[in-house]
Amino acid sequence: MWVIPEDVLLAGALWITERANPFFILQRRKGHGDGGGGLAGLLVGTLDVVLDSSARMAPYRILYQTPDSLVYWIIAHGTSRKEITEHWEWLEHNLLQTLSIFENENDITTFVKGKVQGIIAEFNKNHDVKEDDDTDKFKEASSKFWKLFGMPEEEKLVNYYSCSYWKGKVPRQGWLYLSINHLCFYSYLLGKE
């Protein structure tokens with residue numbers, strides 16, 4: 001599965017490189033696949049299970065790196081050798097020759113990241129995957145907005161801001177909620193709503 005490029009601090013720790021070219025590295029997690037990786041593989045497998053309840057590592061991944069850079073970017077991961085090999089072959093057939101044309105490493109990185117994000121967007125469009133860009137804080141603010149003001153969930157919150165409303169001698173610190181049809185303010189200070 002292609003993933004939005006994210007930098008990786010330690011590219012070699014707990015991973016075995018299976019294939020490499022000047023720009024991409026295909027790696028397998030120690031403890032997975034052929035031979036199990038011995039004692040190190042057992043330790044990595046145990047570590048994955050003990051520390052990891054919700055975010056188990058995929059056993060295969062592809063990293064991108066320009067030759068003179070120390071930064072690696074994860075661009076794909078897979079649960080099977082077949083899946084990751086398909087991605088690897090796509091990179092070699094469709095990107096490798098193009099990347100050798102660029103003169104600037106920043107341009108190469110921008111191109112690769114843009115290409116991967118484009119592949120993800122195209123996949124999401126073709127498979128009717130709805131992207132959920134809302135952060136947890138925004139979801140919480142939306143829920144609070146609907147509850148505080150008795151709004152239906154169809155009333156979409158656009159944004160919210162921390163602000164003050166000056167009434168009388170004391171400013172009232174609170175939150176301003178901007179939705180499609182409403183502008184609402186809520187403050188709760190010293191028992192006053």
- Is there side-chain contact between I84 and L26, with heavy atoms separated by less than 4.5 Å? yes
- Item | I108 vs F23 side-chain heavy atoms within contact, under 4.5 Å | yes
- Are W175 and Y186 close enough that their ring centers fall under 6.0 Å? no
- Heavy-atom pair with the smallest gap, counting every atom of S179 and E155: OG-OE2, 2.7 Å
- Query: Do Q173 and S162 come close enough that some side-chain heavy atom pair is under 4.5 Å?
  - Reply: yes
- Please tell me if the side chains of Y60 and Q27 come closer than 4.5 Å, counting only heavy atoms from C-beta onward. no
- Query: Of all heavy-atom pairs between V116 and P5, which one has the smallest distance, and what is that distance?
  - Reply: CG1-CD, 4.1 Å
- Taking atom types as modelled, find out whether E153 and S142 have a side-chain donor-acceptor pair closer than 3.5 angstrom. no
- Any donor-acceptor N/O pair, H77 side chain to M1 backbone, under 3.5 Å: no
- Might you point out which heavy atoms bring R172 and F185 nearest each other, and give the distance in Å? O-CZ, 3.3 Å
- Query: Where does the angle between the aromatic ring planes of Y64 and F24 fall among parallel (under 30°), tilted (30 to 60°) and perpendicular (over 60°)?
  - Reply: tilted
- Task: Can you tell me which residue pairs pass the salt bridge (charged side-chain N to carboxylate O under 4.0 Å, His left out) test with a partner in residues 83-112, sequence neighbours excluded?
- Result: K82-E86
- Query: Is atom CD1 of I4 surrounded by more than 12 heavy atoms (other residues, nucleotides or ligands) closer than 6.0 Å?
  - Reply: no
- Query: If you look at every heavy atom in H87 and I62, which pair is closest and at what distance?
  - Reply: CB-CD1, 3.8 Å
- Task: Grab the two heavy atoms, one from P171 and one from S164, that are nearest each other, plus how far apart they are.
- Result: CB-CB, 4.4 Å
- Message: Are F145 and C184 packed together at the side-chain level, in the sense that at least one heavy-atom pair is separated by less than 4.5 angstrom?
- Response: yes
- Got Y177 and L148 here, is their nearest side-chain heavy-atom distance under 4.5 Å? yes
- Message: Classify the ring geometry of W90 against W2: parallel below 30°, tilted from 30° to 60°, perpendicular beyond 60°.
- Response: perpendicular
- Message: Let me confirm one number: the CG-CG distance from N21 to L99, rounded to the nearest 0.5 Å.
- Response: 9.0 Å
- Query: What are the two closest non-hydrogen atoms of I75 and L91, and how far apart are they?
  - Reply: CD1-CD1, 3.9 Å
- Query: Cationic tip of R29 within the cone over W15's six-membered ring, i.e. under 6.0 Å and within 45° of the normal?
  - Reply: yes
- Between Y165 and L178, is there a shared hydrophobic cluster once you connect ILVMFWY residues whose side-chain heavy atoms come closer than 4.5 Å? yes
- Message: According to side-chain hydrogen bond (donor to acceptor under 3.5 Å, both in side chains), who are the partners of T85, at least two apart in sequence or on a separate chain?
- Response: none
